[in-house]
2 protein chains.
Amino acid sequence: MRRKVTLKQIAKELDVSISTVSKSLRDSPEISEDTRQKVQAFAKLYNYKPNLIALSLKNKKTKTIGIIIPEIVHHFFATVISGIEHVANEHGYNVIVTLSDESFDKEVINMEMLANGTIDGFIMSLSKETQHKKDFHHITEVMNQGMPVVMFDRVTNDVLCDKVIIDDNLAAYEAVQTLIDKGFRKIALITTVDYVSVGKLRTDGYVKALKTNSIEVNPNLILKIEDIDLCDLQIEELLDNNEVDAVFAVNELFAVTAIKAAKKLGRNVPEEISVIGFTDGIISKYSSPSITTVSQNGIKMGGKAAKMLIERLESEEEEEEHYKTEVIETHLVIRESTPTL
Amino acid sequence: MRRKVTLKQIAKELDVSISTVSKSLRDSPEISEDTRQKVQAFAKLYNYKPNLIALSLKNKKTKTIGIIIPEIVHHFFATVISGIEHVANEHGYNVIVTLSDESFDKEVINMEMLANGTIDGFIMSLSKETQHKKDFHHITEVMNQGMPVVMFDRVTNDVLCDKVIIDDNLAAYEAVQTLIDKGFRKIALITTVDYVSVGKLRTDGYVKALKTNSIEVNPNLILKIEDIDLCDLQIEELLDNNEVDAVFAVNELFAVTAIKAAKKLGRNVPEEISVIGFTDGIISKYSSPSITTVSQNGIKMGGKAAKMLIERLESEEEEEEHYKTEVIETHLVIRESTPTL
DNA sequence: TTTCAACACGAAAACGTTTTCGGTAGGTCG
DNA sequence: CGACCTACCGAAAACGTTTTCGTGTTGAAA
């Protein structure tokens with residue numbers, strides 16, 4: 001077993017000083033051509049690679065980005081990570097991923113765990129519980145220590161930092177408007193409880209679209225789902241007890257579940273009920289009928305977040321206090337769950 | 001902005017030595033009750049947390065696990081990461097995730113990037129290109145430096161290390177046997193090219209099941225897909241040109257695509273064609289008809305891999321050369337794409 | 001021959017910890 | 001009163017780098 005070789009060992013072996021070795025490897029002009037070549041040859045032979053931990057300690061930079069997300073077995077979050085990882089990699093950064101499991105405590109613990117030197121900055125999306133409690137002290141704390149934070153998707157106005165979002169309100173508005181344009185009036189909404197920021201915004205967009213078109217907002221057609229495990233029954237009940245000609249769902253799961261419920265009730269999609277979902281993931285693409293949906297480009301979102309974070313990390317001047325919020329554009333992907341004309 | 005406080009600063013402030021501060025915080029009996037309390041109070045006030053990078057350098061342990069996978073926007077790999085992350089977290093480890101994008105070069109680069117002190121060990125699944133090239137020098141190299149590696153799912157016999165797999169051969173065999181038991185004889189196989197290890201094993205299982213039941217293996221019914229983007233056409237062609245009463249697909253995507261193709265050709269699933277897939281992911285669950293599939297528990301697989309790696313990391317004795325291969329059990333999840341009786 | 005620059009290299013500090021080894025003060029015992 | 005023990009604390013090394021500064025040698029110019 002050939003352990004990793006250090007500068008000290010090379011120095012000893014070649015009977016020169018550590019500084020000479022270091023300088024030789026960095027092509028310093030202080031070192032004579034002779035010794036430089038000698039050292040470099042030796043280093044190559046023994047496959048010397050500088051120890052990154054030592055460098056991190058010295059430079060006070062780890063070239064590592066910490067990610068905190070609610071879950072990873074989730075198409076959208078996976079695409080975001082993918083986007084972050086690729087941009088990070090291009091800039092020589094690694095990403096360390098932690099999961100909050102939608103729990104406030106885990107979010108705090110993970111944050112503190114990473115904040116002690118392991119990473120240079122955070123990219124995160126808030127857990128449901130955090131959004132519910134509205135407790136962001138852990139975030140402001142690390143920011144106070146000079147560690148930049150970029151939030152994406154599930155953000156909050158209570159923390160000043162860089163953010164990457166989509167215009168959830170507008171996207172929902174446009175999706176519902178599309179349904180209205182096709183002549184539907186009895187449009188149901190399947191959404192989350194209000195403390196989930198994006199759920200609330202999409203709900204607002206739905207309401208706005210109806211109001212703009214002078215359609216009465218019927219509370220019976222709005223279903224706010226708390227517990228995902230029960231969503232199939234609730235959705236079925238919604239469709240069974242109400243005349244509904246279209247459904248707008250704030251995520252893929254609700255959309256596909258609505259389709260399943262409609263089928264069960266003997267209502268064809270899209271002939272009798274149209275469905276539009278949110279987030280262009282695997283389900284929308286491969287369910288049958290495939291689902292018309294608001295595409296939310298996670299790759300782009302993650303990439304943008306990584307870019308913003310890295311720019312802030314590498315701008316020497318600590319130009320605080322003019323944080324940006326980037327809005328990623330969305331568009332409607334038309335598929336089989338809505339009528340073509 | 002309150003920067004992070006160090007031992008040195010506390011020492012200076014309290015006019016004691018660094019060692020005294022360190023010992024006080026670790027409740028060393030060498031320190032008097034008085035100073036210990038004083039130091040601890042001060043540390044708490046200023047929210048002192050030891051710098052993990054410094055500790056890593058000193059201890060030569062980073063408490064971080066490196067993961068290298070082909071892609072992350074993939075249900076199975078996401079579940080594996082989830083499994084790893086949770087077990088790792090329980091043991092005080094972080095995970096750093098890198099993606100090879102199925103590229104040999106990226107796999108090598110990522111590995112070398114992490115091998116220089118950033119992590120204590122690897123958990124990885126081979127990229128397609130690596131499996132094709134059969135070049136594993138990057139892996140043996142880090143292992144030679146004393147860094148443990150655990151492989152999962154896409155493994156190779158050419159490297160001796162801990163592994164976590166499912167019995168792909170047996171699982172495929174049992175799935176096909178199930179189809180045979182239901183009376184099907186014209187069973188098509190949709191698989192990957194042979195250099196993908198799991199694809200090959202599943203193909204072998206298919207063949208074995210047919211042979212065991214004295215059913216002739218018809219090459220026309222075996223489709224090996226190289227380019228995923230073209231799989232829909234190829235599958236459609238397969239079903240169109242052959243009498244097929246059942247399909248066994250080695251992943252979800254092929255399974256759902258087969259169902260779509262069957263529908264397009266006017267053949268009902270499961271009435272006219274049965275389909276069994278592999279990997280119990282989102283697609284299988286939510287497509288309609290939902291897909292009968294071989295469940296491959298990624299959470300368990302990741303958890304097991306993490307456990308094996310951590311055990312090896314924390315066993316003082318470097319008990320090399322008796323590597324284990326753990327086999328995670330699979331089972332068939334019966335859904336709508338196969339007839340009930 | 002003296003002086004001074006250029007050249008080549010080494011010593012040491014710094015990053016933040018932990019830990020070993022001494023050392024000093026006070027007290028106890030003979 | 002001297003020897004020794006105990007309680008308490010500090011100096012320093014170590015982990016592996018980079019970098020600043022100092023130093024010695026050489027050659028050429030004066």
Side-chain angles (χ1 to χ4, degrees), chain A residues 3-40 42-43 46-64 92 114-120 145-147, chain B residues 3-40 42-43 46-64 92 114-120 145-147:
Chain A
R3 287 261 169 210
K4 287 211 71 66
V5 59
T6 69
L7 287 187
K8 190 191 276 191
Q9 292 167 25
I10 299 182
K12 191 173 177 186
E13 211 70 31
L14 260 48
D15 204 38
V16 292
S17 78
I18 296 181
S19 356
T20 304
V21 178
S22 176
K23 289 173 191 164
S24 298
L25 294 176
R26 326 206 103 248
D27 280 325
S28 159
E30 290 188 54
I31 305 297
S32 72
E33 188 62 24
D34 255 17
T35 45
R36 203 191 320 172
Q37 297 224 343
K38 193 176 58 178
V39 172
Q40 292 192 357
F42 193 90
Y46 281 87
N47 192 28
Y48 170 80
K49 296 273 169 54
N51 181 317
L52 295 184
I53 291 292
L55 283 179
S56 294
L57 181 59
K58 179 138 190 45
N59 301 334
K60 290 165 158 276
K61 283 188 186 177
T62 62
K63 287 283 206 169
T64 306
L114 295 184
N116 302 315
T118 320
I119 61 160
D120 295 340
Q145 292 173 3
M147 185 167 290
Chain B
R3 286 261 170 212
K4 287 209 70 66
V5 58
T6 69
L7 287 187
K8 190 191 276 192
Q9 291 165 26
I10 298 182
K12 193 173 175 187
E13 210 71 31
L14 261 46
D15 204 39
V16 293
S17 78
I18 296 181
S19 357
T20 304
V21 177
S22 176
K23 287 173 192 164
S24 298
L25 294 176
R26 325 205 104 250
D27 281 326
S28 158
E30 292 188 54
I31 304 298
S32 72
E33 188 61 23
D34 254 18
T35 45
R36 203 193 314 173
Q37 297 225 344
K38 192 176 60 179
V39 171
Q40 292 194 357
F42 193 91
Y46 281 87
N47 193 29
Y48 170 81
K49 296 272 171 52
N51 182 316
L52 294 184
I53 292 291
L55 283 180
S56 295
L57 181 58
K58 179 136 191 47
N59 301 335
K60 291 164 159 278
K61 282 188 187 176
T62 63
K63 287 282 205 170
T64 305
L114 294 185
N116 302 316
T118 319
I119 60 160
D120 295 339
Q145 293 172 3
M147 185 166 292

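So you know, we letter chains A, B, ... as the sequences are listed, proteins then strands, and number each from 1. What you see is a predicted model; the values in this text were computed from it and never measured. Side chains are part of it too, since the values below use all heavy atoms of this structure and drop only hydrogens, waters and symmetry mates.
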Does NZ in B/Lys12 sit with more than 12 non-hydrogen atoms of other residues, nucleotides or ligands closer than 6.0 Å? no
Does a side-chain heavy-atom distance below 4.5 Å link B/Ile53 with A/Lys61? no
Between B/Ile53 (CD1) and C/dA14 (C1'), how many Å, whole number? 16 Å
Within this structure, what is the NZ-to-P distance between B/Lys61 and C/dG16, rounded to whole angstrom? 24 Å
Of the options C/dA12, C/dG16, C/dT17, whose atoms approach the side-chain atoms of B/Leu55 most closely? C/dT17
A/Asp15 CG to C/dG10 C1', in whole Å, measures 12 Å
Where the side chain of B/Thr35 is concerned, which of D/dC9, D/dT19, D/dG16 is the nearest nucleotide? D/dC9
Nearest to the side chain of A/Lys23 - C/dG16, D/dC21, D/dG16? D/dC21
Pick base, sugar-phosphate or nothing for B/Thr6, based on heavy-atom distances below 4.0 Å to the nucleic acid. sugar-phosphate
Could you report the tightest heavy-atom contact between B/Lys4 and B/Asn47, atom names first, then the distance? NZ-O, 4.4 Å
Take atom OH of A/Tyr48 and atom C1' of D/dG16, then tell me their distance rounded to the nearest Å. 7 Å
Answer with base, sugar-phosphate or nothing: what part of the nucleic acid does A/Ser32 contact at a heavy-atom distance below 4.0 Å? sugar-phosphate
Do you see a donor-acceptor pair shorter than 3.5 Å between the side chains of B/Thr20 and B/Ser17? yes
By nearest nucleotide on DNA chain D, pick out whichever of A/Ser19 and B/Glu30 is the more 5' one. B/Glu30
Report the distance from atom CD1 of B/Ile18 to atom C1' of C/dG16, rounded to the nearest whole Å. 8 Å
Does the side chain of B/Glu13 come under 3.5 Å of the side chain of B/Gln9 through a donor N or O and an acceptor N or O? no
Comparing B/Ser17 with B/Ala54, nearest DNA chain D nucleotide closer to 5' gives the residue B/Ser17
Looking at every strand, decide which applies to B/Lys49 at a 4.0 Å heavy-atom threshold: base, sugar-phosphate, or nothing. sugar-phosphate
Using only modelled atom types and a 3.5 angstrom limit, is any donor from either the side chain of A/Thr20 or the base of C/dA8 paired with an acceptor on the other? no
The side chain of A/Arg26 is closest to which nucleotide in this list: C/dT17, D/dC9, D/dT18? D/dT18
Check this one for me: any side-chain N or O of A/Lys8 less than 4.0 Å away from OP1 or OP2 of D/dT17? no
Picking from D/dC9, C/dT18, C/dA14, which would you name as closest to the side chain of A/Lys58? C/dA14
Under a 4.5 Å cut-off applied to non-hydrogen side-chain atoms, are A/Met147 and A/Ile119 in contact? yes
For the side chain of A/Ser22, counting heavy atoms from C-beta on, which of C/dG16, D/dT18, D/dG10 is nearest? D/dT18
Between D/dG16 atom P and B/Asn59 atom CG, what is the distance in whole Å? 12 Å
Between C1' of C/dG16 and NZ of B/Lys4, the distance in whole Å: 12 Å
Round to the nearest Å and state the distance from B/Gln37 atom CD to D/dC8 atom P. 13 Å
